[in-house]
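Let me begin by presenting the structure, written as structure tokens, before commenting on it.
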There are 2 protein chains.
Amino acid sequence: MNLTEALIAVGLTRLEAQLYLLLHSEEPMTGYEASKQSGISRSNAYSGLAGLAEKGAAVCVEGPVRQYSAVEAAEFCRYQSRRFKEIIAVIEDGMPEQRPAREPFLTISGRDPIIQKLKDMIGQAKQRIYLGLAAREIGMIRPEIETAVERGLKVVLLTSADVQIAGTIHYAAEKVPGQIRVIADSSVIMTGTLHDDQTSSCLFSRDQALVTLFKEAMANEIKLITMDQQITHVDRD
Amino acid sequence: MNLTEALIAVGLTRLEAQLYLLLHSEEPMTGYEASKQSGISRSNAYSGLAGLAEKGAAVCVEGPVRQYSAVEAAEFCRYQSRRFKEIIAVIEDGMPEQRPAREPFLTISGRDPIIQKLKDMIGQAKQRIYLGLAAREIGMIRPEIETAVERGLKVVLLTSADVQIAGTIHYAAEKVPGQIRVIADSSVIMTGTLHDDQTSSCLFSRDQALVTLFKEAMANEIKLITMDQQITHVDRD
DNA sequence: TAATAGTATTTCTAATCAGTACCACTATAG
DNA sequence: CTATAGTGGTACTGATTAGAAATACTATTA
């Protein structure tokens, strides 16, 4: 995600994002100036600046001509955070309680939802988590793993030898990139493949039989690794 | 902001939001069922459910027919929060530094930007803040005022007698709803009117002369109030 | 044959954006 | 003094796209 996309994600249009960046590099300017410097058509430059003002990303400098000045990024981000918190509050206390029934087998499709679920499993784990992932995937969730270690969780990695994360128990195993195997708290598992958005699909399960099967498979894998090689235990600190 | 709008604000479409709520009240369902129960056209019900799955708000229950189950609200909110933090991080460390020049007089138009600026002034104040607002406006920013009191700021309210916020210094003054007068740290002021979006416009200023004028005006107002009435000082706790 | 499950296509609207035309004002070169 | 270039601003048109309503079509099952 680049800067422009991030600005679009918080509610600006593409042109507004462009103009916001332009306002940061220059003195306050009129729509005319903004149009000239950005290449955006005059009409759209004016409406873009007005849009920025409406969304709290720019303010007006009144005078003989109407100029706009950018609201500094930190302040704009504070606005957005405040707004986001309100939105989340509305959702969290407005949503009806989930019916208790939880299906034992769920399919999660698409790259992003899988990564989100993976991070959430690590974040929600209470005692321990086993991660059978290639180095590429470990890299994407490194902050979450580190937070889990700080929370005092037992974190076991089955991944390539060159990965080093303090506080984790590490078994060297060459994993195929994109293949995912996770167990959290001996109660939920996720497994499947993670490539681009279309070809990514994972099974998430709470089914006790499957979880047990998975646990034993991972335990066996670890046993075989320790028979071959020695354990690399990276101590905390 | 209602629930559906909040869900739309985090990236769902109106139909997806509707379907997400429906999924919460029922067992997992197919597009066919969702269409029947929501009144949404079949085609759109299917694409809506697929959209929810893509956005991490629903998961698939594989079987003879494809059913979708809602991801529980708390989990979906965690996804959104994670995503939002990433976006803010991109903006905050991607934005070029603001040029130091800050115009002395700025116009802030529109209801929302004004309220955001008001909250931000309170949040960013270092020592003291004077708020000349009607009870209606005080109500909107109550949490921010309470946080300021907790931060140990001197918070002075010039507002109607019935407003009660612990830890603030309160002078009873009947204010016209929509009229705003604020000074923060004796260095910045905001004043203007706040009604509906079109008719709302405020001046924000760092100009020392104007700030001083404003301070004296408020001091005089307080002096007159205390000559007439007695001070209501609500002690903390 | 009715209900279930799923797909495809058409139409409509609104937002975004590119492009252009037009008007008013000011400064200045000839 | 006038012509013209530059500045500041508004209005309109057209293309593209996402979202959504509506309908039609196929296939399977009870």
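Every chain is numbered from 1 and lettered A, B, ... according to where its sequence line falls, protein lines coming before strand lines.
For residues 113-126 of chain B, every residue pair satisfying the salt bridge (charged side-chain N to carboxylate O under 4.0 Å, His left out) rule, not counting sequence neighbours, is listed here: A/Glu75-B/Lys117, A/Arg78-B/Asp120, A/Arg82-B/Asp120, A/Glu86-B/Lys119. Screening residues 180-190 of chain A for salt bridge (charged side-chain N to carboxylate O under 4.0 Å, His left out) gives A/Arg181-A/Glu221 as the qualifying pairs, with residues at least two apart or on separate chains. Residue pairs meeting the side-chain hydrogen bond (donor to acceptor under 3.5 Å, both in side chains) criterion with at least one member in residues 44-60 of chain A, sequence neighbours excluded, are A/Glu16-A/Lys55, A/Ser41-A/Asn44. Every pair tested for ring pair (Phe, Tyr, Trp, His ring centres under 6.0 Å) that includes a residue from residues 177-217 of chain A fails, sequence neighbours excluded, so the list is empty.
Rounding to the nearest 0.5 Å places OG of B/Ser186 at 10.5 Å from CD1 of B/Ile129.
Of the residues in residues 2-13 of chain B, none lies under 4.0 Å from DNA chain C by heavy-atom distance. Near DNA chain D, meaning a heavy atom under 4.0 Å away, the residues from residues 42-65 of chain A are A/Arg42, A/Ser43, A/Tyr46, A/Val65.
In this structure, A/Ser41 reaches the bases: a heavy-atom distance under 4.0 Å links it to at least one base atom across the strands shown.
In this structure, the ring-ring contact (aromatic ring centres under 6.0 Å, His included) partners of A/Tyr20, at least two apart in sequence or on a different chain, are A/His24, A/Phe76. Annotation: salt bridge (charged side-chain N to carboxylate O under 4.0 Å, His left out) contacts of A/Glu5 (sequence neighbours excluded): none. When the side chain to side chain contact (heavy atoms under 4.5 Å, CB included) test is applied to A/Ala9, the partners found at least two apart in sequence or on another chain are B/Arg83, B/Ile87. Remark: A/Asp196 pairs with A/Thr199 by the side chain to side chain donor-acceptor pair (under 3.5 Å) rule, at least two apart or across chains. When the salt bridge (charged side-chain N to carboxylate O under 4.0 Å, His left out) test is applied to A/Glu33, no partner is found at least two apart in sequence or on another chain.
Along DNA chain C, read 5' to 3', the first and last nucleotides having any atom under 4.0 Å from a heavy atom of chain B are C/dA3 to C/dT9.
Between the OH atom of B/Tyr32 and the P atom of D/dA30 there is a distance of 14 Å, rounded to whole Å. Here D/dG8 presents its P atom at 8 Å from NZ of A/Lys36, a figure rounded to the nearest Å. Protein atom CZ of A/Arg14 is 17 Å distant from nucleotide atom P of D/dT16, rounded to whole Å.
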